[in-house]
Amino acid sequence: MSSDNSTGLVELAKRRGFFLQTAGAYGGVSGFYTFGPEGAALKRNIEDSWRDRFAIREGNMEVDAPTVLPEPVFEASGHLDGFDDMLVECPECGESHRADHIVEDRTDIEEAESIPVTEVEELVAEYELVCPTCGAGLAGQAIEDFNLMFETNIGPGSSASGYLRPETAQGIFIEFPQLAEYARNQLPFGVTQIGRAYRNEISPRKSLLRVREFTQAELELFIDPEEDEPALESVADVTAPFYPASDQTADDGEAREMRIQTVVDEGIVGKPWIAYYLGIAKQWYDTIGVDMDRFRFRQHRSGERAHYATDCWDAEAEVDGDWIELGGFAYRSDYDLSKHDAYSDEEFTVFRQYDDPVTVEQPTVDPDMSYLGPAFGDDAGAVAGAIENLAARNPGAFEGENVSVAVDDDSYTVPVEKTGFSVEEVTESGKHVTPHVVEPSLGIDRALYTALDHCYRDDEVDGETRSYLALPQTVAPTTVGVFPLMDRDGMGEYARDLATELREAGLSVTYDDSGAIGRRYRRQDEVGTPFCVTVDYATLGEARADADEAAGPDTVTIRERDSTAQTRVAVEDLAETLTALRDGRATFDDV
RNA sequence: GCGCCGUUGGUCCAGUGGUAGGACAUUAGCUUCCCAAGCUAAUAGCCCGGGUUCAAUUCCCGGACGGCGCACCA
């Protein structure tokens with residue numbers, strides 16, 4: 001049924017230059033696609049549209065980080081462990097299973113994911129674990145360690161390992177200290193990036209929807225969780241279908257159309273910042289051609305959330321009868337910045353000044369090491385540390401003559417006068433804050449594919465079927481087709497000059513003088529060109545018996561793609577008219 | 001990765017143990033004054049490797065790629 005549509009779309013994509021499988025001349029390679037001329041233009045327009053909405057209009061800044069990053073970055077981010085799958089294949093039935101999951105299910109061991117492969121193999125043998133599908137013993141089966149990241153070496157030799165980034169986000173997080181400086185250490189601020197990311201998928205499928213190299217558009221918004229609130233008013237009345245986790249487990253659960261303000265007020269979306277960007281994203285997907293009747297926001301159920309996310313919503317679209325993920329909206333809290341703060345040499349915080357400095361009493365100690373050393377020998381350093389901790393934790397303990405601290409299993413008693421304990425008044429002008437991260441992360445390729453799928457139409461014109469792409473004029477690869485009615489009597493020259501003129505006015509124009517006019521219209525319909533301009537005899541000022549009354553010299557027809565309706569405009573107004581149509585400042589009916 | 005099925009001009013298909021045919025598209029010409037018309041001609045193909053055979057696009061084995069199912073999707 002709907003797979004016919006996807007077959008037709010893939011065929012159209014290849015035939016008309018939207019996208020094709022990479023390296024077909026060499027047998028092809030799974031999971032990689034090359035965008036052809038139409039596809040590259042469409043993709044660029046979608047990216048520009050995203051940039052305009054999520055970066056420029058929101059006042060966020062855009063960066064461009066490398067696709068290769070050194071190994072320590074991914075140790076900190078958790079991708080080296082978390083992105084690792086341990087696959088074990090059953091010798092009897094051939095099914096593959098996650099070995100770490102089997103271990104977790106059948107033993108008391110948790111987080112088997114972080115156990116080295118060789119040890120997991122030993123555990124499988126030790127507990128005599130069996131295949132969940134057929135019950136055959138798995139002992140002795142090799143466990144394949146599969147990391148979804150592409151590994152590479154940086155520089156000669158293999159001294160420095162690097163990985164192709166599995167998401168663009170880390171490229172932003174690791175530069176946070178400098179980016180915060182650019183933002184003058186003022187929260188909130190947002191950093192966007194559009195770029196390629198790579199995942200060595202086990203099984204790429206479904207054309208552009210699951211690939212090994214793809215383009216992400218991400219925004220990392222850094223906020224003070226205690227202070228910053230989104231300007232919800234601007235999207236409060238936007239409505240979208242919401243599909244909360246609780247409804248997904250119900251038998252008759254389905255998405256419900258609700259206002260952004262409502263989902264915030266009722267706590268359906270827990271974080272107002274997430275709700276704010278859901279509202280913006282909904283509007284944006286609409287403008288690039290995603291059908292809002294086949295669109296929803298679905299909340300992740302607790303089991304499917306990523307390692308960093310505390311609340312996560314996906315934008316989903318229905319394509320070929322399946323709901324696919326278009327993007328994720330995650331509240332990442334301070335997970336990423338805290339990790340990089342801990343793993344790197346830099347501080348990943350901003351200093352927030354109080355309106356009025358506060359004075360606090362702060363207990364301090366200055367242990368007398370000339371006493372502790374002789375008294376406790378090798379343990380003296382640990383004892384000093386314990387005293388310091390105690391002072392911070394429980395200053396009251398220093399009120400007597402002696403304090404006792406525990407180091408390992410031993411207890412040590414120290415005279416208070418040797419600890420250098422005192423309570424000082426300290427004036428704090430502010431505090432270091434680790435910002436929380438709000439992350440709208442969108443897949444450009446999936447958005448593009450969905451827009452194509454949702455805009456692919458068939459209808460009938462004068463008894464002939466035609467197929468066309470009802471792409472919004474802002475993202476269509478080409479805005480205007482310019483044709484001479486026939487390439488004779490000077491119409492070709494006039495039309496070519498007109499095409500040049502329109503290009504100079506900043507429009508994306510294609511010129512075509514081959515074959516019959518109807519064929520040329522259909523060609524442009526198929527690649528989604530919203531407007532076609534035709535130069536005819538009336539344009540040249542030649543009176544014709546059947547000329548329509550509006551026709552005059554230096555006028556041309558403009559034909560609209562979806563309705564195939566035509567109207568006549570003066571050539572001198574043409575560039576402005578078309579620009580207005582493209583930018584949505586005018587509709588075809590206004591012309 | 002596993003299982004089933006498949007792979008023939010740019011696209012969609014037919015077909016054969018003796019290297020292939022159609023439709024659409026493309027190009028050139030004729031025709032045509034607004035929606036894939038017609039006529040003429042041209043361009044262009046058996047996924048890759050090995051085996052069997054006098055001969056393989058066809059049969060067998062392996063691979064690549066694709067579709068579906070399973071698994072996976074941080």
Side-chain angles (χ1 to χ4, degrees), chain A residues 3 6-8 10-17 20-32 36 74 77-91 93-98 101 113 132-133 144 146-149 166-167 169 199-207 209-212 304-309 312 320 324-325 328 330 460-468 483-489 491 514-526 532-540 542 544-548 551 556-559 561 564-566 568:
Chain A
S3 62
S6 101
T7 306
V10 169
E11 185 259 311
L12 173 75
K14 185 172 187 182
R15 190 162 45 80
R16 300 310 307 270
L20 62 138
Q21 198 182 17
T22 298
Y26 291 89
V29 53
S30 186
F32 293 90
F74 298 111
S77 71
H79 286 99
L80 218 45
D81 286 335
F83 230 58
D84 226 10
D85 285 343
M86 296 180 217
L87 294 178
V88 61
E89 190 182 323
C90 173
C93 67
E95 292 281 316
S96 284
H97 297 280
R98 291 273 302 260
H101 287 179
E113 202 171 60
T133 306
E144 195 181 346
F146 189 78
N147 192 289
L148 257 35
M149 287 193 293
E167 60 174 16
R199 295 176 195 183
N200 203 359
E201 295 282 352
I202 297 170
S203 176
R205 284 284 166 87
K206 304 239 179 206
S207 182
L209 297 180
R210 219 167 126 195
V211 290
R212 292 187 165 125
E304 67 182 308
R305 284 202 292 267
H307 57 269
Y308 48 74
C312 190
D320 299 333
I324 61 149
E325 179 190 341
E460 203 168 280
V461 175
D462 294 343
E464 300 273 359
T465 61
R466 69 159 183 158
S467 57
Y468 65 105
F483 315 140
L485 186 57
M486 286 175 298
D487 188 14
R488 59 152 66 164
D489 301 334
M491 286 184 285
S514 75
I517 187 79
R519 179 183 297 267
R520 286 175 259 156
Y521 285 143
R522 299 302 168 86
R523 247 185 223 137
Q524 294 309 312
D525 287 342
E526 239 186 1
C532 289
V533 166
T534 300
V535 170
D536 56 20
Y537 281 105
T539 314
L540 303 181
E542 296 188 15
R544 309 293 299 192
D546 54 353
D548 71 71
V556 293
T557 61
I558 301 180
R559 173 224 191 228
R561 174 194 63 207
T564 75
Q566 284 183 308
R568 257 198 122 78

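Here the structure is a predicted model, which is why all the values come from computation and not from measurement. The figures that follow rest on heavy atoms only: side chains count, while hydrogens, waters and symmetry mates do not. Just so we're on the same page: letters track the sequence lines, and every chain starts at 1.
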note = If pairing means Watson-Crick or G-U wobble with both distances under 3.5 Å, then the partner of B/C47 is B/G63
message = Both distances below 3.5 Å, Watson-Crick or wobble geometry, any strand: find the nucleotide opposite B/U11.
response = B/A23
key: Given RNA chain B, 5'-ward residue of the pair A/Arg210 and A/Pro204, judged by closest heavy atom   = A/Pro204
task = Would you indicate whether the side-chain heavy atoms of A/Ile324 and A/Arg210 approach each other to under 4.5 Å?
result = no
request  = Starting from P on B/U31, measure out to CG on A/Asp489 and report it in whole angstrom.
outcome  = 12 Å
ask   = Counting any heavy atom closer than 4.0 Å, what does A/Arg519 reach on the DNA or RNA strands: base, sugar-phosphate only, or nothing?
value = sugar-phosphate
query = Ignoring hydrogens and angles, does a donor from either the side chain of A/Glu11 or the base of B/C12 sit under 3.5 Å from an acceptor on the other?
reply = no
inquiry  = Taking the side chain as everything from C-beta on, heavy atoms only, tell me whether A/Thr539 gets closer than 4.5 Å to A/Arg568.
reply    = yes
query = Below 4.0 angstrom from OP1 or OP2 of B/C35, is there any side-chain N or O of A/Arg523?
reply = no
Check: A/Tyr521 side chain, B/C34 base, donor-acceptor under 3.5 Å = yes
query = Can you find a pair of side-chain heavy atoms, one from A/Leu80 and one from A/Met149, that are under 4.5 Å apart?
reply = yes
message = Can you tell me whether the side chain of A/Thr557 and the base of B/C34 have a donor-acceptor pair closer than 3.5 Å?
response = yes
B/C68 - base-pair partner by Watson-Crick or wobble geometry, distances under 3.5 Å = B/G3
Side-chain touch A/Ile517/A/Phe483, heavy atoms, less than 4.5 angstrom = yes
inquiry  = Applying a 4.0 Å non-hydrogen cut-off, can you work out what A/Glu325 is touching in the nucleic acid: base, sugar-phosphate, or nothing?
reply    = nothing
request  = Measure across A/Met491 and A/Leu540 and return the closest heavy-atom pair with its distance rounded to 0.1 Å.
outcome  = CG-CD1, 3.5 Å
query = Considering every strand shown, what is the Watson-Crick or G-U wobble mate of B/C39 when both distances are under 3.5 Å?
reply = B/G29
ask   = Separation of A/Tyr537 atom OH from B/C34 atom C1', in whole Å?
value = 13 Å
ask   = Does the B/C35 base have a donor-acceptor partner in the side chain of A/Arg559 within less than 3.5 Å?
value = yes
query = Which is true for A/Ser207 with a 4.0 Å heavy-atom rule: it touches a base, it touches only sugar-phosphate, or it touches nothing?
reply = sugar-phosphate
query = Do side-chain atoms of A/Arg520 reach the backbone of A/Leu485 as a donor and acceptor pair under 3.5 angstrom?
reply = yes
message = When both hydrogen-bonding distances must be under 3.5 Å and the geometry is Watson-Crick or G-U wobble, what is B/U52 paired with, if anything?
response = none
ask   = Separation of A/Arg488 atom CZ from B/G29 atom P, in whole Å?
value = 13 Å
request  = Send over the distance from A/Asp320 CG to B/G67 C1', rounded to a whole Å.
outcome  = 12 Å
Residue matched to B/G17 through Watson-Crick or wobble contacts both under 3.5 angstrom = none
ask   = Nearest-Å distance, CG (A/Leu148) to C1' (B/A71)?
value = 13 Å
task = Find which nucleotide of RNA chain B each of A/Met486 and A/Arg520 is nearest to by heavy atoms, and output the residue with the more 5' nucleotide.
result = A/Met486
query = From B/U32, B/C70, B/A36, pick the nucleotide closest to the side chain of A/Arg466?
reply = B/A36
request  = Taking the side chain as every heavy atom from C-beta outward, state whether A/Ser30 and A/Arg212 have any atom pair closer than 4.5 Å.
outcome  = yes
message = Would you say A/Gln21 places a side-chain N or O within less than 4.0 Å of OP1 or OP2 belonging to B/G66?
response = yes
query = So what does A/Ser30 hit on the nucleic acid, given a heavy-atom distance under 4.0 Å: a base, only sugar-phosphate, or nothing?
reply = sugar-phosphate
key: Residue-phosphate contact under 4.0 Å: A/Arg15 side-chain N/O, B/U11 OP1/OP2   = no
query = Across all strands shown, which nucleotide pairs with B/U57 by Watson-Crick or G-U wobble geometry, both distances under 3.5 Å?
reply = none
task = Examine B/C68: is either OP1 or OP2 under 4.0 Å from a nitrogen or oxygen in the side chain of A/Lys206? Give yes or no.
result = yes
request  = Please confirm whether any donor atom in the side chain of A/Arg205 sits under 3.5 Å from an acceptor in the base of B/G69, or the reverse.
outcome  = yes
